[in-house]
Amino acid sequence: MRAMASLDRRAEHSGAQQSDDELYRIRHSLAHVLAQAVLELRPGSTLGFGPPIKDGFYYDFLLSEPLTEADFPELERRMRKIIKKGQRFYQEDLPAAEALERIEEMGEPYKREYGAELIAKQGLSALSFYRNGPFLDMCEGPHVSDTKQLPRDAFKLRSLAGAYWRGDSDNTMMTRIYAWAFTAKTELDEHVARWEEAQRRDHKKLGRELGIFAIDNDVGRGLPLWLPNGTVVRDELENLAKELEFKAGYQRVATPHLARENLYFKSGHLPYYAEDMYPAMEVMDPSDAQEADGAAGEGGAVKEAYRLRPMNCPHHHKVFAAVPRSYRDLPVRLAEYGQVYRWEDSGAVGGLVRVRGMCMNDAHIYCTEAQIKDEFKAVMRLYQEAYDILGLTDYMVRLSRWDPDDPKGRDKYVDNPQAWTASEAILEGVLQEMGVNYVDGVGEAAFYGPKIDIQFRTVTGREESLSTVQLDFSQPETLGLSYVGADGQPHRPYCIHRAPFSTHERMVAFLLEHYAGAFPTWLAPVQAQVVTVSEQFDAYGAEIVAALRERMVRAELAPSTETVSKKIRQAATLKIPNVLIVGERERQEGTVTLRRHGHKAQHTLALDALRAALLEAINTRSKELLLPD
RNA sequence: GCUCACAUAGCUCAGUCGGUAGAGCGCUUCCUUGGUAAGGAAGAGGUCAUCGGUUCAAAUCCGAUUGUGAGCACCA
């Protein structure tokens with residue numbers, strides 16, 4: 001499996017360049033210039049971190065008085081003024097004790113905390129400081145030598161946001177100012193233009209324009225309604241997944257969207273994720289309800305409690321347990337596009353990428369320890385096959401490990417260090433044997449075991465997991481799953497959780513952005529739009545539509561009250577892949593004129609030939625249409 | 001959940017100093033019957049997110065709530 005590390009986290013946070021790069025020094029120095037300008041405008045503010053990032057820099061402040069984006073022009077003006085002054089950057093190392101005294105004088109509590117930690121935990125004997133003009137910062141550099149070397153027109157303050165000190169939600173929330181910064185104005189302009197283009201590709205915008213999904217507040221936040229066009233895309237993805245899984249030896253199952261609460265205690269989910277689940281639905285004892293005289297349940301006994309399922313695994317485990325299993329049956333691969341519900345934090349919900357109700361391309365593979373590696377490899381190959389068909393190439397593979405040093409470790413991970421070590425080694429072996437490039441994600445594991453995650457970025461830059469394969473050494477135990485081995489004794493199976501196609505919600509969001517809404521024919525809600533030159537050819541147009549629909553091609557006839565130009569424009573706006581234009585010429589010859597989305601060139605061909613070409617492209621899920629000469 | 005911003009027609013937006021609402025697109029109807037990205041005309045469509053406050057008067061000012069966006073935290 002080929003893989004790329006184009007989304008390397010470290011690259012993002014240390015700048016996508018080496019620290020001795022000119023661009024790194026410019027961005028880092030501009031951050032100091034911004035801090036100086038902020039302190040001018042808001043004296044008494046204190047400083048957090050201010051590093052270079054992928055496309056610029058940010059700086060965190062605890063402001064004495066709030067700033068808003070309306071203050072950006074003034075801040076930028078002051079920054080340019082500082083640049084113009086030509087302040088020199090002076091570097092100075094101070095021995096630990098002296099350094100802490102210096103920070104104390106500076107009145108910077110956050111810098112002090114970090115400085116003290118560097119000395120105590122990392123054993124630094126000295127700390128580095130940089131001064132330019134009146135601005136002094138504890139900072140390891142490097143910087144440009146003089147602010148005159150900074151571009152005055154190649155940076156732009158971008159946004160203002162909250163960010164927790166040191167990324168911990170128990171800490172103070174500081175104000176973070178993000179900026180774009182480059183070496184030349186042309187680069188900044190290009191970057192801004194690309195960013196604006198990305199906004200036009202946002203799946204929330206395309207989803208509305210193309211009739212894919214809607215969110216209605218009466219239904220609920222994060223609970224998308226799939227419109228007819230979006231449902232077509234879902235169904236096509238589901239068909240593809242079913243085919244690939246059938247060929248890979250999966251069996252399909254169907255299970256309910258909820259279960260008695262106790263199931264999630266047994267599986268171990270409820271103790272770990274109670275706050276991320278919808279609250280329980282409680283069925284009261286009828287005798288109590290009667291006594292309560294309408295105000296049912298007051299003080300009465302809960303007879304049963306149900307929970308909407310946050311995942312499908314416990315149900316699948318119960319399918320596994322429903323019949324006796326022999327070692328001869330393994331691996332058992334149970335697949336379901338399963339609807340799940342999670343009480344995501346309000347701040348995380350957005351569009352289709354993070355929702356509270358979603359349909360997951362789920363499957364669970366039950367196998368022996370000896371089968372784990374081969375099963376993982378088969379799942380990885382299934383991903384690759386799916387990604388090749390969908391044309392997805394820009395992603396990062398992450399080995400998500402537990403974090404034995406996590407202070408919340410006991411609450412976050414199953415307490416079984418030996419199992420963690422062993423199972424992480426298995427996954428690592430899989431990746432190495434397959435020659436996959438990957439990054440380590442310490443602390444990114446599931447509570448029940450390590451994962452291999454495939455990470456993508458939305459066009460707006462947010463990183464999210466798309467696919468995942470997980471090794472579970474815990475749930476088969478807690479749910480008491482077993483199979484009969486060759487020795488006639490019960491044995492514990494291992495379980496692999498996997499979701500190559502993610503959820504319909506997240507996958508469609510990514511594909512909308514990936515294709516910029518212009519789906520290949522096989523995925524397109526309308527695969528062929530017939531446009532007649534005038535109403536007198538509508539009968540011929542209807543014949544074409546019927547001939548195509550007869551073979552399950554999603555063809556539609558454009559209404560004839562508009563001009564040809566208008567109808568072609570409308571089809572283009574809806575990004576319909578194939579527009580079929582028919583008039584007198586085509587009717588006489590029994591042909592159609594094909595215009596592909598995004599192309600001006602046209603082909604006139606026999607209806608049969610066109611139908612064959614469309615069917616071929618649909619059946620092979622090809623992006624292109626192969627036309628006869 | 002946290003910080004900040006925003007919320008006007010289906011969509012994109014305008015609305016000055018507080019004086020009871022506007023455009024374009026879309027939609028409906030009619031005319032036009034056409035050859036490649038907007039033919040013409042007319043019409044419908046708004047409790048200015050919700051609730052409360054200030055005021056003679058609120059889309060406009062203030063507060064709360066809900067929702068949306070960016071970011072942080074979270075993400076089985």
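The figures here come from the full heavy-atom set of this structure, side chains too, leaving out hydrogens, waters and symmetry mates. Lettering follows sequence order; numbering is per chain, from 1.
- Note on A/R201 versus A/E197: salt bridge recorded, some NZ/NE/NH1/NH2 to OD/OE distance being below 4.0 Å.
- In this structure, B/A7 and B/U66 make a Watson-Crick or G-U wobble pair, each of the two defining distances being under 3.5 angstrom.
- Within 4.0 Å of A/A348, counting heavy atoms only, lies at least one base atom of the nucleic acid.
- Nearest heavy-atom pair, A/D440 versus A/R398, reported as atom, atom and distance to 0.1 Å: C-CG, 4.4 Å.
- Nucleotides B/A42 and B/U32 have their C1' atoms positioned 15 Å apart, rounded to a whole Å.
- Side-chain proximity of A/Q536 to the nucleotides B/U33, B/A5, B/A37 is greatest for B/U33.
- Side-chain contact annotation: A/T604 with A/T593, donor-acceptor N/O pair under 3.5 Å present.
- Across the P atoms, B/U16 and B/G22 are found 13 Å apart, a figure rounded to whole Å.
- Going from the C1' atom of B/A7 to that of B/U47 covers 16 Å, rounded to whole Å.
- The side chain of A/V533 sits closest to B/G34 out of B/G34, B/U36, B/C72.
- Partner assigned to B/C74 is none, using Watson-Crick or G-U wobble distances below 3.5 angstrom.
- Across every non-hydrogen atom of A/L258 and A/H315, the tightest pair is O-NE2, 3.2 Å.
- For the OP1/OP2 pair of B/G39 and a distance below 4.0 Å, the side-chain nitrogens and oxygens of A/T563 include at least one atom meeting the criterion.
- Comparing B/U68, B/A5, B/C75 by their nearest atom to the side chain of A/R221 picks out B/U68.
- Residue contacts shown for A/Q470 are limited to sugar-phosphate atoms, with no base heavy atom under 4.0 Å away.
- One can place CZ of A/R200 at 15 Å from P of B/U12, the figure rounded to the nearest angstrom.
- Contacts of A/K451 with the nucleic acid, taken as non-hydrogen atoms under 4.0 Å apart, involve only primed sugar atoms and P, OP1 or OP2.
- The nearest heavy atom of RNA chain B to A/A163 and to A/H597 marks one nucleotide each, and the one closer to the 5' end goes with A/H597.
- Here, B/A38 and B/U54 have their C1' atoms 48 Å apart, quoted to the whole Å.
- Salt bridge annotation for A/R333-A/E375: present, with a cationic side-chain nitrogen under 4.0 angstrom from a carboxylate oxygen.
- Base pairing analysis places B/C56 opposite B/G19; the two distances defining the Watson-Crick or G-U wobble pair are each below 3.5 Å.
- B/G35 and B/A21: their P atoms are spaced 44 Å apart (whole Å).
- With rounding to whole Å, A/D168 atom CG is found 16 Å from B/U3 atom C1'.
- Of all nucleotides present, none satisfies the Watson-Crick or G-U wobble test against B/A37 with each distance under 3.5 Å.
- Under a cutoff of 6.0 Å and an axis angle of 45°, A/R356 and A/W343 form a cation-pi pair.
- The side chain of A/R208 contributes an N or O atom lying less than 4.0 Å from OP1 or OP2 of B/U12.
- Rounded to a whole angstrom, the distance from the P atom of B/A59 to that of B/C75 is 45 Å.
- If you take CZ of A/R354 and P of B/C74, they are 10 Å apart, rounded to a whole angstrom.
- The CG-C1' distance, from A/N171 to B/C72, rounds to 12 Å in whole Å.
- If you check every strand for non-hydrogen atoms under 4.0 Å, A/T593 touches a base.
- The distance between atom OH of A/Y178 and atom P of B/G69, rounded to the nearest whole Å, is 17 Å.
- When each of A/Q475 and A/R585 is assigned the nucleotide of RNA chain B with its nearest heavy atom, A/R585 is the one assigned upstream, toward the 5' end.
- In this structure, A/E275 places its CD atom where only 12 or fewer heavy-atom neighbours from other residues, nucleotides or ligands lie under 6.0 Å away.
- With both ends at atom C1', the span from B/C72 to B/G15 equals 35 Å, rounded to whole Å.
- Within 4.0 Å (heavy atoms only), A/E586 reaches at least one base atom of the nucleic acid.
- Rounded to whole angstrom, the span from the OH atom of A/Y164 across to the C1' atom of B/A70 amounts to 15 Å.
- Residue contacts shown for A/V564 are limited to sugar-phosphate atoms, with no base heavy atom under 4.0 Å away.
- One can place CD of A/Q529 at 15 Å from P of B/A37, the figure rounded to the nearest angstrom.
- B/G18 and B/G53 have their C1' atoms separated by 15 Å, with the value rounded to a whole Å.
- The ring of A/Y273 lies on top of the base of B/A76, close enough and flat enough: under 5.5 Å between centres, under 30° between planes.
- Nucleic acid contact for A/N217: sugar-phosphate only, since backbone atoms but no base atoms lie under 4.0 Å from a heavy atom of the residue.
- Atoms CG and OH, from A/L157 and A/Y178 in turn, are 13.5 Å apart once rounded to the nearest 0.5 Å.
- Using a cutoff of 4.0 Å between basic side-chain nitrogens and carboxylate oxygens, A/E444 and A/K451 are not scored as salt-bridged.
- When the nucleotides B/G34, B/A76, B/U36 are ranked by their closest atom to the side chain of A/M277, B/A76 comes out on top.
- A/G351 comes within 4.0 angstrom of the backbone, heavy atoms only, and of no base.
- A close approach under 4.0 Å does not occur between any side-chain nitrogen or oxygen of A/S169 and OP1 or OP2 of B/C2.
- Across all strands, A/G268 comes closer than 4.0 Å to no nucleic acid atom at all (heavy-atom distances).
- A/E69 comes within 4.0 angstrom of nothing in the nucleic acid, heavy atoms only.
- Between A/M173 atom CE and B/C74 atom P there is a gap of 11 Å when expressed in whole angstrom units.
- Using a 4.0 Å heavy-atom cutoff across all strands shown, A/T532 reaches no nucleic acid atom at all.
- Here B/C27 sits opposite B/G43 as a Watson-Crick or G-U wobble pair (both hydrogen-bonding atom distances under 3.5 Å).
- Side-chain nitrogen and oxygen atoms of A/K204 include none within less than 4.0 Å of the OP1 or OP2 phosphate oxygen of B/C11.
- Residue contacts for A/R595: at a heavy-atom cut-off of 4.0 Å it reaches a base atom on one of the strands shown.
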